[in-house]
Amino acid sequence: MTQSLAPAPAHPAGAPVLPRSGRLLRAVAIVSCLPYLSLKIAWVAGSGIGVPAGSPLLENRTSLVVANLLTVLMDSAVIVLALLLTRPWGRRVPAWLLTLPMWAATGLLAPIMTGYPLQLLVTAFGGGRAGTDGGSGEPFLDSWVFAVVYGGFIVQGLALGTLFVRYARDRWGHLWQGRVWDLPAGTMGPAQRAAAVAAAVLALFPLALRLLWACGGTTGLSEGVIADRGSDFHVLEALYVVFILVAVAAGGMLAFRRGRALPVRVPLALAWVCSGAVACWGGWMAAASLVPSDDPADRPTQLMYLAYAGQMTVGLLVASVGAHYLAKRSATAARRPTA
């Protein structure tokens with residue numbers, strides 16, 4: 001027992017030595033970005049690799065280049081985060097400068113890491129994958145592209161997530177010790193409880209639409225989306241329902257100290273992952289909806305806009321509850337005299 005509590009060996013500067021497993025995870029996170037970055041750079045340069053003739057991607061060259069450059073920057077951030085989490089200088093980075101992009105990365109990767117395996121499972125049992133291999137719409141990308149890209153995202157998420165858990169445990173682990181019933185009554189104030197309630201109320205609209213779409217309803221969907229739906233679409237809609245429900249529940253648990261026997265890290269982790277997934281994908285889809293389309297059938301409806309914006313707002317409200325909790329506990333720990 002005493003051996004497990006011994007401090008890790010340190011460099012002369014005082015930073016802990018990164019174990020071999022950490023160096024391996026860093027290398028895996030960086031290498032797993034390369035297939036995606038290579039494809040994106042190739043498309044920006046004019047290559048058609050993995051893009052079949054007739055793909056909607058070929059309709060607007062300018063939009064294709066802008067979107068690909070943006071996603072190149074986003075995936076390059078994974079490399080920066082992997083270095084930040086494993087280099088001595090990463091310990092000196094302000095908390096917000098690390099947690100904000102890490103929260104966004106978690107939110108963007110979580111639905112892919114859970115959704116893509118489920119989509120493959122549903123397809124294996126006879127589900128149709130519209131838009132990829134014989135659906136009702138034009139093929140979007142060759143099937144192998146999805147396997148390469150999403151496979152890389154899953155590896156990125158696992159490696160980067162493990163590195164972040166290690167980093168957060170060593171730097172901030174004292175902030176989520178104990179159980180929910182141990183939280184002082186003043187940890188969450190009226191503003192945080194109001195935010196949790198607002199998130200629950202605002203979630204009703206996107207939640208109802210997502211559930212309807214997951215069950216096969218078409219209310220509020222554009223003609224293009226209706227025509228291209230397949231099993232992949234229904235799996236993702238069902239997942240968004242789960243993420244919204246869990247995000248709202250986790251925010252309520254923190255704000256009102258519910259689930260009192262649970263370790264604090266459980267609702268905090270659920271709020272972190274699910275608020276990121278709800279907010280970031282809601283924001284991403286809302287932004288993508290603003291890109292003009294030549295085909296009226298592909299233009300998002302007003303209900304789709306509202307669902308995406310509402311989902312983003314819910315995620316941000318839940319994230320604010322979790323952020324307040326961490327800030328409050330951090331301030332309390334800073335004021336506590338050391339022995």
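Quick caveat, the model's predicted, so the values are computed rather than measured. Keep in mind that the numbers below use all heavy atoms, side chains included, and drop hydrogens, waters and symmetry copies.
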Taking salt bridge (Lys or Arg N to Asp or Glu O under 4.0 Å) as the test, write out the residues that go with Arg257, two or more places apart.
none
Hey, could you give me each pair passing ring-ring contact (aromatic ring centres under 6.0 Å, His included) that has a residue in residues 31-88? Not counting sequence neighbours.
Tyr36-Phe153
Can you tell if the side chain of Leu160 reaches within under 4.5 Å of the side chain of Met102, non-hydrogen atoms only?
yes
The reported gap from CG in Leu83 to CG in Leu163 (rounded to nearest 0.5 angstrom) is 10.0 Å
Listed once per pair and sorted, the side chain to side chain donor-acceptor pair (under 3.5 Å) pairs that draw on residues 309-323, sequence neighbours left out:
Arg210-Gln311
Only pairs under 3.5 Å count here: list side-chain donor-acceptor contacts from residues 192-206, not counting sequence neighbours, and write none if there are none.
unit_1, atom_1, unit_2, atom_2, d
Gln192, OE1, Gly189, N, 2.9
Gln192, OE1, His324, NE2, 3.4
Gln192, NE2, His324, ND1, 3.3
Arg193, NH1, Met188, O, 2.9

Show your reasoning for whether ring pair (Phe, Tyr, Trp, His ring centres under 6.0 Å) applies to Phe164 and Trp272.
CA-CA 12 Å; Phe164 179 68; Trp272 171 277; 5.3 Å; yes
So, do Arg166 and Pro19 sit near enough that their side-chain heavy atoms are less than 4.5 Å apart?
yes
In terms of hydrophobic clustering (I, L, V, M, F, W, Y; side-chain heavy atoms under 4.5 Å; direct or indirect links), are Leu290 and Met304 co-clustered?
no
Distance-only, no hydrogens or angles: does the Arg260 side chain make a donor-acceptor pair with backbone N or O of Val180 under 3.5 Å?
no
Could you pull out all donor-acceptor pairs under 3.5 Å where a side-chain atom in residues 212-225 meets a protein atom, sequence neighbours excluded?
unit_1, atom_1, unit_2, atom_2, d
Trp213, NE1, Thr219, O, 2.7
Ser222, OG, Val225, N, 3.3

Can you name the one residue among Leu268, Thr187, Val318 that meets side-chain contact (heavy atoms from CB on, under 4.5 Å) with Leu254?
Leu268
Just jot down the ring-ring contact (aromatic ring centres under 6.0 Å, His included) partners of Phe233, sequence neighbours excluded, or say none.
none
Let me confirm one number: the CE-CG distance from Met74 to Leu69, rounded to the nearest 0.5 Å.
13.0 Å
